[in-house]
Colleague: 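First the structure, which I've put down as structure tokens, then a few questions once you've had a look.
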Amino acid sequence: MKKYFLLFCLVLAMAGCSNSSGELSANKVYFFYQDSCPHCHHALQYVNSRYPDLQMEMMNIATPQARELFIKCAKKFKLGNSLGTPLFCMGDKYLMGWSRRNQTLFDQYARPYVE
């Protein structure tokens, strides 16, 4: 458990390298998360174990910049007010929440970003 916590902290420290333009790019994978969300931790663990080379923009929605992009993603996909984390935005696809079904969908959606 400590190993995953340290890995998550390292990823959070790298979050400062995120998109500063305020716009969603169709060529990036965005991962919107909350520190206190256990589903976010599970999703990140899955993605890091299966796709170690995947370049993903880590967006902690507690920060104003990430929150702004989170809202833009929600509007893009017409998600309304029923928003939650984890939320992945990948071009013209999104995933909200984390389950076995979303793991399978993530594998499909991430393919173009790892080839």
Side-chain angles (χ1 to χ4, degrees):
M1 187 66 175
K2 286 182 182 178
K3 179 172 62 171
Y4 296 122
F5 178 74
L6 290 174
L7 176 63
F8 192 72
C9 289
L10 176 65
V11 171
L12 290 178
M14 294 171 35
C17 302
S18 64
N19 182 350
S20 60
S21 70
E23 296 300 322
L24 291 168
S25 170
N27 300 323
K28 293 184 179 181
V29 174
Y30 294 91
F31 175 54
F32 296 95
Y33 67 93
Q34 298 180 71
D35 290 334
S36 61
C37 172
H39 303 290
C40 295
H41 292 272
H42 295 157
L44 183 61
Q45 179 184 353
Y46 177 84
V47 172
N48 285 339
S49 69
R50 300 277 311 250
Y51 304 97
D53 297 326
L54 177 66
Q55 297 298 310
M56 197 166 52
E57 292 285 334
M58 301 292 298
M59 307 300 289
N60 182 344
I61 65 168
T63 67
Q65 176 189 354
R67 184 96 178 141
E68 177 186 337
L69 285 176
F70 181 68
I71 292 167
K72 286 182 181 184
C73 181
K75 287 179 180 178
K76 176 180 178 177
F77 294 107
K78 299 177 175 70
L79 300 178
N81 294 325
S82 299
L83 297 178
T85 57
L87 176 64
F88 291 93
C89 292
M90 301 176 258
D92 64 347
K93 308 236 185 307
Y94 79 92
L95 289 172
M96 187 167 45
W98 196 247
S99 64
R100 287 184 190 241
R101 180 178 184 278
N102 279 2
Q103 287 177 4
T104 302
L105 289 172
F106 185 89
D107 292 337
Q108 293 172 11
Y109 296 170
R111 229 176 258 134
Y113 298 94
V114 292
E115 294 176 341

Colleague: Between F88 and V47, is a side-chain contact (heavy atoms from CB on, under 4.5 Å) present by the stated rule, with each step listed?
Modeller: CA-CA 11 Å; F88 291 93; V47 172; 4.1 Å; yes
Colleague: Between D107 and Y46, is there a side-chain donor-acceptor contact under 3.5 Å, judged purely by atom types and distance?
Modeller: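 Yes, a side-chain donor-acceptor pair sits under 3.5 Å.
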Colleague: Let me see the working for Y109 and L95 under side-chain contact (heavy atoms from CB on, under 4.5 Å), right down to the final yes or no.
Modeller: CA-CA 9 Å; Y109 296 170; L95 289 172; 3.8 Å; yes
Colleague: Contact between T104 and R100 at the side-chain level, heavy atoms closer than 4.5 Å - yes or no?
Modeller: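 Heavy-atom side-chain distance check fails, nothing below 4.5 Å.
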Colleague: Starting from the C-alpha separation in whole Å, work towards a yes-or-no answer on side-chain contact (heavy atoms from CB on, under 4.5 Å) for V29 and L54.
Modeller: CA-CA 8 Å; V29 174; L54 177 66; 4.2 Å; yes
Colleague: Please check if the side chain of H41 supplies one atom and the backbone of D35 the other of a donor-acceptor pair under 3.5 Å.
Modeller: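 A pair under 3.5 Å: yes.
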Colleague: Side-chain contact, heavy-atom cut-off 4.5 Å: F70 with C89?
Modeller: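 They are not in contact (no side-chain heavy atoms under 4.5 Å apart), so the answer is no.
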Colleague: Would you say the side-chain atoms of K76 pair up with the backbone N or O of G91, donor to acceptor, closer than 3.5 Å?
Modeller: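 Checking the backbone N and O of G91 against the side chain of K76, a donor-acceptor pair under 3.5 Å is found.
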Colleague: Aromatic ring centroids of F106 and Y51 under 6.0 Å?
Modeller: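 F106 vs Y51: aromatic centres under 6.0 Å.
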Colleague: Is it the case that Y113 and N27 place a side-chain donor and acceptor less than 3.5 Å from each other?
Modeller: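 No pair is found: no donor N or O on one side chain lies under 3.5 Å from an acceptor on the other.
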Colleague: Run the ring-centre check on Y33 versus W98 and record whether the distance is less than 6.0 Å.
Modeller: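 Judged by ring-centre distance (under 6.0 Å), Y33 and W98 do not meet the cut-off.
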Colleague: Keeping N102 on the side-chain end and M96 on the backbone end, is there a donor-acceptor pair under 3.5 Å?
Modeller: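 Indeed, once roles are kept as given, a pair shorter than 3.5 Å links the two residues.
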